[in-house]
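Residue numbers start from 1 in every chain, and the chains themselves are labelled A, B, ... in the order their sequence lines are given, proteins ahead of strands. For the numbers below, each heavy atom of this structure counts, side chains included, while hydrogens, waters and symmetry mates do not.
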Amino acid sequence: MFGLVWSTLKVLRESPDVLREVLRKRFMDVSLVDKFLELDKEWRRVQTELNKLRHQHNVLSSRVAGLPPEEREKVVTEAKELLGRISEMEKRLEEVERDRKALLDRMPSLLHESVPVGPDESFNVVVSVWGRARVQQAHLSDFLAETEGKGVKMDYEVVEKDLTGHADILEYVLRLGDTVKAGEVAASRFYYLFDDLVWLDLALLSYAMDYLTSRGFRLVLPPYMLRGKYMGAVEEFTAFKDALYKIDGEDLYLIATAEHPLAALHAGDTIPEEELPKLYVGVSPCFRKEAGAASRDIKGIFRVHQFHKVEQFAYTMPEQSWEVFHLLIRNAEELYKGLEIPYRVVNIASGELNLRASMKYDLEAWYPAQGKFRELVSCSNVLDWQAYRLNVRYLRRKGMVKDYLHMLNSTAIASTRTITAILENHQNDDGTVTVPNVLRKYLEAFSRAPKDYIHPVRK
RNA sequence: GCCGGGGUCGCCUAGCCUGGUAGGGCGCCGGCCUGCUAAGCCGGUGGGGGAUAACCCCGCGCGGGUUCGAAUCCCGCCCCCGGCGCCA
């Protein structure tokens, strides 16, 4: 009955109850379903009406050429009358179509069955933990609540002394960052990093690029800006005002992640089954307005307007996407194990999921000074949400079947945020910070880069 | 940025001047034929509506306009190629 159709729309039409359940689980307005179905029906009705009128008009038009002058005038007049009715119907269609599309744009991806149902992050389910966390006495009960309280046991040691937060290490212990000056000349949430932290940033990117390319991911340096049309197909509408910078006077947006241009890479393409999955690793700066963040994480470089990121991105056959999802999160885990950063992976609760994600795993590092787990990685399967909007399809040779493919994205390493995790977790009593061993080979290339420790700069 | 040429159904290409509703080749899919393969023959191969029907609508880079009728004429934009300019 339906040809090429977004999976959500298919379910919406064929079994609306299933979609109602999805909306309920996501704590969304269930009445959207009925509103949409009504509009969808009307849209189809108006389209049929319009097509009939157009057909009549086409028939008349095609007769005109062969008519003698006196009859021709009559037919032309008749055709002109029809045009009036057609343009009325076109206006009606445009209206209905606009409303229908607006409603469809608010529809989410279907949920994976293992997504925990709940309105907020307290319903997130911890799926794995790794490493030995350093926990200050004052944070012990919080730590236990966030691990054993969630049904997992994580190795830890209680430390007696006070640990220093990343922002203070950055500016007052190492003295390798200046957010005050950056705030003055740019804005808050910008930063200057110096010397060893710049080498560290570079080494982290190299490490992730090396790891992923050696596992078959294709390395990509993408455009850092995208046209509005493509941004709108890749990202949810709310991102435009909360997250994205727009170039003044041009239809261009700065990317907030390499996911954006990597998703747009195959816009309009039909990819043969044998070429899937396509695995990419993008490296790019990321620009984010953080408009919704208010005064959260205002100190340091945990939440900033600009950073570097290595991103995993995959195009898959629909039946492959969950397998690839687990591949992406496993890759991320291996990277942080290498960096010796204790972490947990959480399955994000339904109410916290964005519209695109069918399921999202976050990798959260333990921050011993903050006494919290905080997000370093976000791994999502968006199913055909983006493929539908960007018109990216697979082609199955057998029977020439074409349909939307699946897309997935996952952080590998976001530089500044990973640096904050390293500063907090690898800080030493003497003020130095230990450089993880896996980075050494990427630092060896530079004579002035740190190899074992990052040392404070003397005043 | 300026001047010139161009963008047609996966790929190539005809049609554009002179408006009448997209033709051919390749590839691919399905069928016939064949001991098998090849060749050959037939059909299909952009999107939507409709009952996976008949049939119909839309589609020639994108968006407008003129016309009963636009791939074709007009306007704006995007992209590609060549030349000039500028530039790391």
Atom P, compared across B/G30 and B/G46: separation rounded to whole Å: 16 Å

Describe the nucleic acid contact of A/Arg396 in one word from base, sugar-phosphate, nothing, applying a heavy-atom distance below 4.0 Å. nothing

Salt-bridge contact A/Glu42-A/Arg45 (side-chain N to carboxylate O under 4.0 Å): yes

Over how many whole Å does the gap from A/Asn51 atom CG to B/G47 atom P extend? 17 Å

Pairwise 5' ranking along RNA chain B for A/Gln56 and A/Ala65, keeping only the more 5' one: A/Ala65

Expressed as a whole number of angstroms, how long is the span from A/Asp40:CG to B/G49:C1'? 11 Å

What's A/Leu50 touching, base or sugar-phosphate or nothing? Going by heavy atoms closer than 4.0 Å. nothing

Between B/C68 and B/C80, how far is it from one P atom to the other, in whole Å? 38 Å

Among A/His406, A/Gln320, A/Lys278, side chain to side chain contact (heavy atoms under 4.5 Å, CB included) partner for A/Tyr315: A/Lys278

Does B/C68 have a Watson-Crick or wobble mate here (both distances under 3.5 Å), and if so which one? B/G20

Touch class at under 4.0 angstrom, heavy-atom based, for A/Arg63 against every strand present: nothing

Taking CD from A/Glu275 and P from B/G10, how many angstroms apart are they, rounded to a whole number? 16 Å

For A/Arg54 and B/G69, what is the distance between atoms CZ and P respectively, to the nearest whole Å? 12 Å

Under 4.5 Å between any side-chain heavy atoms of A/Cys286 and A/Ile255, yes or no? no

What integer number of Å spans the P atoms of B/A71 and B/C2? 30 Å

Please determine, for B/G4, whether a Watson-Crick or G-U wobble partner exists with both distances under 3.5 Å, and give it or none. B/C81

Nucleotide B/G48, atom P - distance to NE2 of A/His55 in whole Å: 21 Å

Under 4.0 Å, heavy atoms only, any strand: does A/Val64 hit a base, just the sugar-phosphate, or nothing? base

So that I can tick it off, tell me whether A/Lys181 and A/Asp178 are bridged by a salt bridge, with the cut-off set at under 4.0 angstrom between side-chain N and carboxylate O. no

